[in-house]
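To keep things clear, I will list the structure first and then write my remarks on it.
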Amino acid sequence: MADDNSRTGTRYADAEALAYAARVHATHDAALERAFEAPGDNDMPAIQVGPSEGKLLHVLLALAGAQRVVEVGTLAGYSAIWMARALPPGGRLWTIEHDPKHAEVARGCIDAAGLGEVVEVVEADGPDGLRRVEPNGPFDAVFVDADKGRYDVYGRWASEHLRPGGLLIGDNAFFFGRLLDDEDPSAAAMRRFHEAMARDFRSVCVPTPDGLAVGIKR
Ligand code: MG
């Protein structure tokens with residue numbers, strides 16, 4: 001029901017309720033916990049998705065029956081583990097990471113999760129990495145969680161390399177609160193990502209804390 005509060009975006013989930021929901025629905029085993037804590041333990045930015053967003057990626061991929069998936073922006077492999085666990089036997093995830101140290105930490109976390117044969121960490125800058133994984137397409141899902149100034153480029157690539165009915169998912173779709181900043185070129189890139197997605201996909205921006213854009217390719 002759309003009451004005044006849902007129209008204005010009032011949030012009822014405080015930190016404790018969010019933690020409760022994550023504990024109940026998005027429980028960490030040792031492998032997920034290791035990947036989740038890895039940024040803090042390895043002097044990396046702790047900017048990965050939260051447990052509920054990770055589980056949402058898992059559920060979306062399972063719903064879509066995704067088998068071939070690309071992620072742009074690996075960090076420590078936390079979201080990659082959630083997604084890889086949604087794939088059927090024989091499924092593959094290619095995840096692109098430009099920072100060699102992050103890629104090494106991610107490989108450790110992914111191997112510890114028993115997913116070394118399922119997930120390939122492609123060490124490359126985003127566009128170069130996408131060119132490298134391209135021959136494995138068309139893909140069932142693409143998850144973008146990388147440099148915000150090139151979201152439009154990544155979205156265009158996804159549009160060209162997803163099968164019809166494939167999923168495009170973009171994290172940080174509210175760009176840390178700066179989505180509507182007219183002065184920031186990265187905000188403009190993020191808005192182009194949204195607008196192209198709305199045109200070429202059946203799409204929605206799920207109001208997670210920083211927005212998760214989700215679209216089904218037409
Ligand atoms: Mg993110």
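Read the numbers this way: they start at 1 and go in the same order the structure lists the ligands and their atoms.
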- Message: Tell me whether Arg150 is salt-bridged to Asp125, with the criterion being a basic N under 4.0 Å from an acidic carboxylate O.
- Response: yes
- For Glu71 and Ser79, run side chain to side chain donor-acceptor pair (under 3.5 Å): C-alpha distance rounded to whole Å, both residues' side-chain angles, the deciding distance at 0.1 Å, then the answer. CA-CA 9 Å; Glu71 176 181 52; Ser79 47; 2.5 Å; yes
- Does the gap between the ring centers of Tyr20 and His25 come in under 6.0 Å? no
- Query: Taking both backbone and side chain into account, is any N, O or S atom of Asn172 nearer than 2.8 Å to the Mg ion (ligand 1)?
  - Reply: yes
- Task: Provide the atom name of the closest N, O or S atom of Asp145 relative to the Mg ion (ligand 1).
- Result: OD1
- Message: With respect to the Mg ion (ligand 1), please indicate if Asp171 possesses an N, O or S atom at a distance under 2.8 Å.
- Response: yes
- Item | Worked verdict on Lys148 versus Asn172 for side chain to side chain donor-acceptor pair (under 3.5 Å) | CA-CA 8 Å; Lys148 312 311 166 200; Asn172 305 108; 3.0 Å; yes
